[in-house]
2 protein chains.
Amino acid sequence: MSSHIEENYLKAIYKQTERNKDGAYTNDIANELNVKAATVTEAFKKLGDKGLIFYEKYKAVTLTDQGRAVAVKTIRKHRLWEVFLVEKLGFKWDEIHPMAEELEHVNFEELTERLAKFLGNPEFDPHGDPIPDKNGKFAQNKSVKLTAINIGKTVAMTGIENHTPSFLQHLDKLGLKLGAEITIKDVVEFDQSILVSVNNKKEFYLSQEIANNILCK
Amino acid sequence: MSSHIEENYLKAIYKQTERNKDGAYTNDIANELNVKAATVTEAFKKLGDKGLIFYEKYKAVTLTDQGRAVAVKTIRKHRLWEVFLVEKLGFKWDEIHPMAEELEHVNFEELTERLAKFLGNPEFDPHGDPIPDKNGKFAQNKSVKLTAINIGKTVAMTGIENHTPSFLQHLDKLGLKLGAEITIKDVVEFDQSILVSVNNKKEFYLSQEIANNILCK
DNA sequence: TAATAATTTTAGGTTAAGCTAAATATTTAA
DNA sequence: TTAAATATTTAGCTTAACCTAAAATTATTA
């Protein structure tokens with residue numbers, strides 16, 4: 001199995017395991033990677049034989065320490081390249097994912113570490129997601145969803161839970177970027193939408209759907 | 001044929017065609033890419049069908065305009081990444097080739113162009129090789145081999161014709177880097193080795209073998 | 001809890017990119 | 001100019017990563 005493909009499977013399993021403690025089911029991964037379930041079964045067997053995942057027929061898979069290490073390294077590379085693309089090359093946060101998706105598979109440890117240093121060893125990527133350090137440790141930022149904040153409170157935007165370009169572009173239009181000061185002015189009982197002000201300037205309503213995808217603290 | 005592999009074949013054919021006007025023979029490419037001749041024949045057929053090379057059985061292949069464009073773009077990416085690795089990440093010139101060999105296959109035109117701009121649109125890579133611009137034009141530097149320089153002349157080192165780490169490391173040891181001022185003090189008739197002084201400081205003999213792989217003007 | 005639905009696995013097929021060995025073509029040299 | 005050497009191609013095999021369709025298992029619900 002090429003390391004490129006292996007990394008994609010392990011990363012997908014890692015992400016799925018973050019959402020669902022049980023582990024990752026065949027169909028979860030098939031959907032994530034746009035392949036068929038039968039292909040995933042095959043991959044699971046190989047990854048199991050290699051000691052990268054725990055695989056038992058019909059059960060959700062989980063990562064071994066070794067498998068998790070590969071997944072986390074891949075995430076590290078992905079997020080470091082995202083910082084590079086935004087900070088150094090001037091890309092917008094909705095443009096960088098596909099490029100980072102390729103760059104993350106370039107495997108030279110020295111390259112990754114020098115890139116990290118060049119970028120100032122960032123702890124978060126342009127979407128506010130934590131960048132694991134070279135030992136696989138993630139910075140904790142204890143953020144919560146914007147929907148959990150009470151009326152009257154002011155918080156700083158720290159991240160997002162949806163990374164689609166359309167969501168990111170909408171946030172741009174609203175002036176909602178990482179670090180923005182958001183004050184909860186009101187919650188509409190009817191649809192749970194919230195009235196917010198941003199940096200004490202603009203004021204507008206956010207649907208619950210949107211507020212649920214915004215992280216803050 | 002994956003673009004990764006396609007680019008490697010086209011780049012190898014391009015390089016071979018630079019050396020030998022006839023074009024590239026099956027065995028040339030097999031050796032360059034460390035695959036067997038039969039594999040190359042197969043690849044030639046596919047590249048021919050795609051309109052990227054002119055292929056006729058038993059003849060040397062040459063690139064079509066389309067094939068050359070792909071090869072040159074790949075070289076552009078390779079050399080830009082090399083500049084990045086040296087100028088921004090602090091790698092040495094003998095360390096960068098394998099990394100650039102991977103990075104060159106990340107295909108996002110906007111990434112390439114922004115990288116170029118970030119680097120100041122360099123015209124030469126860390127080995128002194130010209131970086132084609134986005135239209136495929138190479139800067140000309142009219143360099144000649146050090147062996148072509150007459151006694152008494154002083155020239156600046158502009159490039160090298162051998163890119164192996166051992167050669168590069170040896171040049172480092174001698175203090176021979178791009179831009180070094182080299183004065184030809186003497187030519188030894190016996191073995192054609194030359195006595196040089198570098199930046200008016202050190203003086204030493206260079207074998208013809210080495211001098212032949214140093215470019216200057 | 002038995003029937004139905006959903007999920008996963010198995011079996012067998014395809015394609016790309018490699019391989020070896022044998023056949024064919026070209027080049028070199030006697 | 002023909003024989004030998006070298007180079008290239010063809011034929012057929014292998015492996016990885018995908019696929020579909022059918023079989024097997026697990027989960028859901030009437």
Side-chain angles (χ1 to χ4, degrees), chain A residues 1-13 15-17 19-63 67 70-71 74 101-102 104-105 107, chain B residues 1-13 15-17 19-63 67 70-71 74 101-102 104-105 107:
Chain A
M1 202 177 222
S2 88
S3 74
H4 186 113
I5 286 170
E6 194 169 283
E7 287 172 340
N8 281 343
Y9 276 100
L10 295 172
K11 195 166 55 122
I13 293 165
K15 283 189 178 172
Q16 185 55 32
T17 310
R19 277 181 234 127
N20 179 349
K21 262 300 193 92
D22 290 359
Y25 288 94
T26 306
N27 268 350
D28 298 332
I29 303 306
N31 293 331
E32 176 78 18
L33 299 184
N34 288 300
V35 295
K36 301 298 173 186
T39 304
V40 174
T41 299
E42 246 191 295
F44 280 1
K45 283 187 197 165
K46 287 182 195 162
L47 294 169
D49 291 347
K50 273 201 173 183
L52 295 164
I53 65 173
F54 297 109
Y55 172 59
E56 280 182 89
K57 268 191 195 181
Y58 297 102
K59 292 209 183 146
V61 303
T62 53
L63 295 168
V70 173
T74 306
E101 208 66 4
E102 296 296 316
E104 74 187 7
H105 300 298
N107 285 314
Chain B
M1 201 177 221
S2 90
S3 74
H4 187 113
I5 287 169
E6 192 169 284
E7 287 172 340
N8 282 342
Y9 276 101
L10 294 172
K11 196 166 52 118
I13 293 165
K15 283 189 179 174
Q16 185 54 34
T17 309
R19 275 182 237 128
N20 177 349
K21 261 301 193 89
D22 290 359
Y25 288 95
T26 306
N27 268 349
D28 297 333
I29 302 308
N31 292 330
E32 175 78 19
L33 299 183
N34 288 301
V35 295
K36 299 299 172 188
T39 305
V40 174
T41 299
E42 246 193 295
F44 279 1
K45 283 187 197 164
K46 287 183 194 158
L47 294 169
D49 291 348
K50 272 200 172 183
L52 295 164
I53 64 174
F54 296 109
Y55 172 58
E56 280 183 90
K57 269 192 195 178
Y58 297 103
K59 291 209 184 145
V61 303
T62 53
L63 295 168
V70 173
T74 307
E101 207 67 5
E102 296 296 314
E104 74 186 7
H105 300 298
N107 284 314

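Residue numbers begin at 1 in each chain, while the letters A, B, ... track the order of the sequences.
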Could you pick out which residue, A:Tyr58 or A:Lys36, lies toward the 5' side of DNA chain D when each is mapped onto its nearest nucleotide?
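Per heavy-atom nearest nucleotide, the more 5' residue is A:Lys36.
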Short side-chain donor-acceptor distance under 3.5 Å, A:Asn107 and A:Glu7:
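Yes, a side-chain donor-acceptor pair sits under 3.5 Å.
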Considering all heavy atoms, the nearest [X]-[Y] contact:
{"X": "B:Ile29", "Y": "B:Ala24", "result": "CD1-CB, 3.7 Å"}
{"X": "B:Leu52", "Y": "B:Val70", "result": "CD2-CG2, 4.3 Å"}
{"X": "A:Glu104", "Y": "A:Lys11", "result": "OE2-NZ, 3.0 Å"}

Would you indicate, yes or no, if [N] has its OP1 or OP2 atom less than 4.0 angstrom from a side-chain nitrogen or oxygen of [X]?
{"X": "B:Thr41", "N": "D:dT9", "value": "yes"}
{"X": "B:Tyr9", "N": "C:dG18", "value": "yes"}
{"X": "B:Tyr55", "N": "D:dT9", "value": "yes"}
{"X": "B:Thr39", "N": "C:dC19", "value": "yes"}
{"X": "A:Lys57", "N": "D:dA24", "value": "no"}

Which whole-number value in Å describes the distance from [X] [atom1] to [N] [atom2]?
{"X": "B:Asp22", "N": "D:dT8", "atom1": "CG", "atom2": "P", "value": "12 Å"}
{"X": "B:Glu56", "N": "C:dT26", "atom1": "CD", "atom2": "C1'", "value": "15 Å"}
{"X": "A:Asn27", "N": "D:dT25", "atom1": "CG", "atom2": "C1'", "value": "14 Å"}
{"X": "B:Lys46", "N": "C:dT15", "atom1": "NZ", "atom2": "P", "value": "11 Å"}
{"X": "A:Leu33", "N": "D:dC18", "atom1": "CG", "atom2": "C1'", "value": "12 Å"}
{"X": "B:Asp28", "N": "D:dT6", "atom1": "CG", "atom2": "C1'", "value": "13 Å"}
{"X": "A:Phe44", "N": "C:dT7", "atom1": "CZ", "atom2": "P", "value": "14 Å"}
{"X": "A:Glu42", "N": "C:dG13", "atom1": "CD", "atom2": "P", "value": "14 Å"}

State plainly whether the residues A:Glu6 and A:Lys46 are in salt-bridge range, i.e. N to O under 4.0 Å.
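Salt bridge flag = no for A:Lys46 with A:Glu6.
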B:Val35 vs B:Tyr25, nearer the 5' end of DNA chain C by closest nucleotide:
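Its nearest nucleotide lies further toward 5', so the answer is B:Val35.
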Which nucleotide in C:dC19, C:dT26, C:dT9 has an atom nearest any side-chain atom of B:Ala38:
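Nearest nucleotide to the side chain: C:dC19.
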Measure from the side-chain heavy atoms of A:Ser2 and tell me the nearest of D:dT9, D:dA17, C:dT9.
D:dA17
Classify B:Thr26 by what it touches in the nucleic acid, base, sugar-phosphate, or nothing, heavy-atom distance under 4.0 Å.
sugar-phosphate
Across the strands shown, which category fits B:Lys45 at heavy-atom distances under 4.0 angstrom: base, sugar-phosphate, nothing?
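Answer is sugar-phosphate: B:Lys45 comes under 4.0 Å of backbone atoms only.
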